[in-house]
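As structure tokens, the structure follows; a few thoughts come after it.
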Amino acid sequence: MIKLKPSALCKFLTLGIILYCNCPQVFAQQKVSGYVRDIDSKLPLNSASVAIKGTNTGTTTDASGFFRLIAKKGTTLLVSYIGYNTQEVAIGADTVLNISLAKFVSGLDQVVVTGYTSQKVKEITGSVSIISASDIVAVPDGQIEKILQGKAAGLTVITSGEPGGPSIVRINGIGNFGDVTPLYIIDGVQGDINSLNPNDIESIQVLKDAGAYSIYGVRGANGVLVITTKKGKSGKTVMNFDSYIGWQQPLSKGPDLLDPQGQADLLWLELKNSGFVDANGNPSSPLYGSGPKPVLPDYFVNGIGYPANDPAVDPALYNISPGPGMNTYQIMKFNKQGTDWFHELFKPAFLQNYAFSASGGNDKNHYLFSIGYLDQQGTYLDTYLKKITARINTDFNVNNAIRFGENLQLNQTELPNPALGLGGPILYAASFLPVYDIKGNWSSGNGTF
């Protein structure tokens with residue numbers, strides 16, 4: 001007979017209760033798989049979203065329309081795809097599902113701009129996607145190209161994540177070996193889409209094939225994005241004010257890099273493998289000395305390591321503003337614990353945006369005035385995007401044959417350029433390098449790496 005102490009018995013009973021409570025949940029989980037296809041053509045839908053309703057759990061289909069996930073019996077799957085009606089599928093005893101989606105047809109009477117004319121969607125023979133104003137302002141970002149990501153089938157946007165940074169936009173992949181950037185048409189004129197205020201955009205039409213963008217000729221061969229800005233409407237003056245404030249947080253953990261001792265050991269291994277050793281078979285380095293193992297110094301000056309009591313690190317010798325013919329003598333403490341350069345370079349960033357507009361008109365005249373301000377700080381130091389935009393759209397009908405007006409856009413952008421990739425300073429900065437030297441000035445490599 002096994003006797004248990006009261007404390008051990010309590011732990012045993014607690015463990016049993018926990019296992020009992022969780023067993024129904026564990027065994028209720030089951031593997032669910034299946035295919036998602038077009039209900040008419042029976043073709044597979046690639047990258048269709050399959051999510052468990054009411055949770056953040058989900059997956060996407062592959063090129064054959066296949067998906068697989070873990071779900072409990074009795075839950076509901078939400079299956080969606082751009083341009084198709086979302087379908088809810090209840091999970092029962094059958095764990096292999098064949099799901100067919102129907103195209104979204106309620107927007108076939110919607111009027112879109114294609115070139116110099118307007119057409120209904122159902123009358124267009126080419127491939128066109130429509131991005132509404134609500135979809136555009138739903139994403140808090142100052143770059144319209146970044147907002148377009150995931151908004152239309154076949155439209156791919158690759159961004160650096162830096163505020164105001166350039167984006168790579170592709171419509172249906174790469175069609176030639178030259179410039180494959182799509183053509184941007186703003187109110188009938190070619191322009192820069194990122195100069196716009198997102199709140200000023202009424203809709204964006206993505207023309208994806210030759211039948212849709214044929215009017216633009218060879219310049220539209222990479223696809224065309226037709227942007228229509230908001231106009232005044234008949235009625236009383238309508239004033240709108242939109243704003244949002246946000247906070248961006250960098251990753252809690254940066255890339256895994258070697259500490260100072262690991263970097264020194266790696267250098268020793270490199271020198272040994274390359275045959276750069278003395279008569280005793282030991283490598284040598286101005287920073288780490290000479291011997292079978294590298295010795296981490298207390299201080300270093302111009303790439304040479306010194307112990308703490310060496311006269312060479314006397315603060316009286318410090319000089320970062322030498323005269324003609326003299327060398328810089330910047331004394332820095334060797335950081336043996338290693339500097340976390342990721343969190344030294346990336347900090348939480350603030351984001352704010354304000355937009356005001358006034359519009360109105362009557363049967364013959366319409367007007368719209370808007371002004372916006374964006375301040376998007378980057379998590380990487382000294383990166384930000386500040387933009388002020390103003391727009392005036394008017395039209396005046398003199399009679400049935402004469403109409404005049406203007407679409408005027410003004411903007412001022414402040415965008416610094418650090419002139420380096422975001423990964424460079426993190427991956428190549430030595431971890432032993434401190435942020436500041438002994439006098440509190442910014443440190444530098446001084447030939448140490």
Side-chain angles (χ1 to χ4, degrees), residues 136-137 139-149 157-169 179 181-182 184 186 191-201 227 242-255 257 320-321 328 330 332 339-356 370-391 409-431 433-437 439-446 449:
I136 297 170
V137 298
V139 180
D141 200 291
Q143 297 289 94
I144 307 293
E145 289 178 335
K146 296 179 183 179
I147 296 175
L148 296 176
Q149 192 169 25
V157 182
I158 303 173
T159 67
S160 65
E162 181 181 353
S167 301
I168 301 175
V169 181
D179 183 12
T181 303
Y184 297 107
I186 304 172
D192 178 13
I193 188 175
N194 289 318
S195 66
L196 296 174
N197 183 342
N199 296 83
D200 290 339
I201 297 178
I227 300 97
D242 297 289
S243 68
Y244 59 79
I245 297 175
W247 189 262
Q248 300 177 84
Q249 188 75 23
L251 296 174
S252 59
K253 184 178 183 299
L257 302 176
I320 60 173
S321 301
T328 298
Q330 187 177 22
M332 289 175 284
T339 300
D340 183 2
W341 282 110
F342 180 85
H343 288 99
E344 291 292 342
L345 294 171
F346 287 86
K347 302 291 183 181
F350 186 68
L351 169 68
Q352 57 181 330
N353 183 77
Y354 307 95
F356 171 79
S370 71
I371 186 169
Y373 173 73
L374 170 74
D375 182 2
Q376 182 180 5
Q377 299 292 323
T379 54
Y380 184 69
L381 292 182
D382 294 329
T383 60
Y384 60 86
L385 170 63
K386 294 183 179 180
K387 184 165 65 173
I388 300 175
T389 60
R391 170 168 288 276
Q409 165 80 28
L410 302 174
N411 71 85
Q412 179 181 346
T413 302
E414 185 178 345
L415 179 65
N417 183 11
L420 41 82
L422 296 185
I426 303 171
L427 298 178
Y428 296 105
S431 61
L433 188 67
V435 179
Y436 306 101
D437 61 23
K439 295 291 187 178
N441 296 310
W442 296 111
S443 63
S444 63
N446 282 332
F449 59 92

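Given the structure is predicted, the values throughout are model-derived calculations rather than measurements.
Within the 3.5 Å criterion, the main-chain N or O of Pro166 finds no donor-acceptor partner in the side chain of Gln143. Checking side-chain atoms of Ser443 against main-chain N and O of Pro434 turns up a donor-acceptor pair under 3.5 Å. No donor-acceptor distance shorter than 3.5 angstrom exists from the side chain of Glu162 to the backbone of Thr383, with no hydrogens or angles considered. Of the possible polar contacts, one joining the Lys387 side chain to the Asn194 backbone as a donor-acceptor pair under 3.5 Å is found. With hydrogens and angles ignored, the 3.5 Å screen pairs a side-chain donor or acceptor of Gln248 with a backbone N or O of Gln377.
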Thr339/Glu344 under side-chain contact (heavy atoms from CB on, under 4.5 Å): CA gap, chis, key distance, verdict: CA-CA 8 Å; Thr339 300; Glu344 291 292 342; 4.1 Å; yes
Working for side-chain contact (heavy atoms from CB on, under 4.5 Å), residues Val435 and Trp442: CA-CA 6 Å; Val435 179; Trp442 296 111; 3.7 Å; yes
Trace of the side-chain contact (heavy atoms from CB on, under 4.5 Å) decision for Val137 with Asp242: CA-CA 10 Å; Val137 298; Asp242 297 289; over 6 Å; no
side-chain contact (heavy atoms from CB on, under 4.5 Å) assessment of Lys253 paired with Phe342: CA-CA 8 Å; Lys253 184 178 183 299; Phe342 180 85; over 6 Å; no
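Taken to the nearest 0.5 Å, the CD1 atom of Ile186 stands 6.5 Å off from the CG atom of Asp192. To the nearest 0.5 Å, atom CD1 of residue Ile144 and atom CG of residue Leu196 are 6.0 Å apart. For the atom pair CG of Asp382 and CG of Leu345, the computed distance is 10.0 Å after rounding to the nearest 0.5 Å. Taking CD from Gln330 and OG from Ser321, the interatomic distance works out to 10.0 Å, rounded to the nearest 0.5 Å. Put simply, CG on Asn197 and CD1 on Ile388 are 11.5 Å apart, with the number rounded to the nearest 0.5 Å. Here the OG1-CZ distance, from Thr379 to Phe346, works out to 5.5 Å after rounding to the nearest 0.5 Å.
Partners of Pro182 under the side-chain contact (heavy atoms from CB on, under 4.5 Å) rule, at least two apart in sequence or in another chain, are Val169, Ile171, Tyr184, Leu225. Residues satisfying the ring pair (Phe, Tyr, Trp, His ring centres under 6.0 Å) criterion with Trp247, sequence neighbours excluded, are absent altogether. Listed by chain and residue number, Phe350, Gln352, Tyr354 satisfy the side-chain contact (heavy atoms from CB on, under 4.5 Å) test with Ile245 (two or more places apart in sequence, or in another chain).
At least one side-chain heavy atom of Leu351 sits under 4.5 Å from a side-chain heavy atom of Leu374. Side-chain contact between Lys146 and Val139 is absent, with no heavy atoms from C-beta onward closer than 4.5 Å. A 4.5 Å side-chain heavy-atom check between Ile147 and Pro198 finds at least one atom pair inside the cut-off.
The heavy-atom pair separating Met332 from Asp437 by the smallest distance is CG-CB, 3.5 Å. Contact between Thr413 and Leu385 at its shortest, heavy atoms only, is CG2-CD1, 3.5 Å. Nearest approach of Ile320 to Thr328, heavy atoms of both residues: CA-CG2, 3.8 Å. The minimum heavy-atom distance linking Leu415 with Pro163 is given by the pair CD1-O, 3.2 Å. The two atoms that bring Thr389 and Asn411 nearest to each other are CG2-CB, 3.9 Å, heavy atoms only. Nearest heavy atoms, Leu251 versus His343: O-NE2, 3.3 Å.
In this model, no donor atom of one side chain and acceptor atom of the other lie less than 3.5 Å apart for Gln149 and Thr159.
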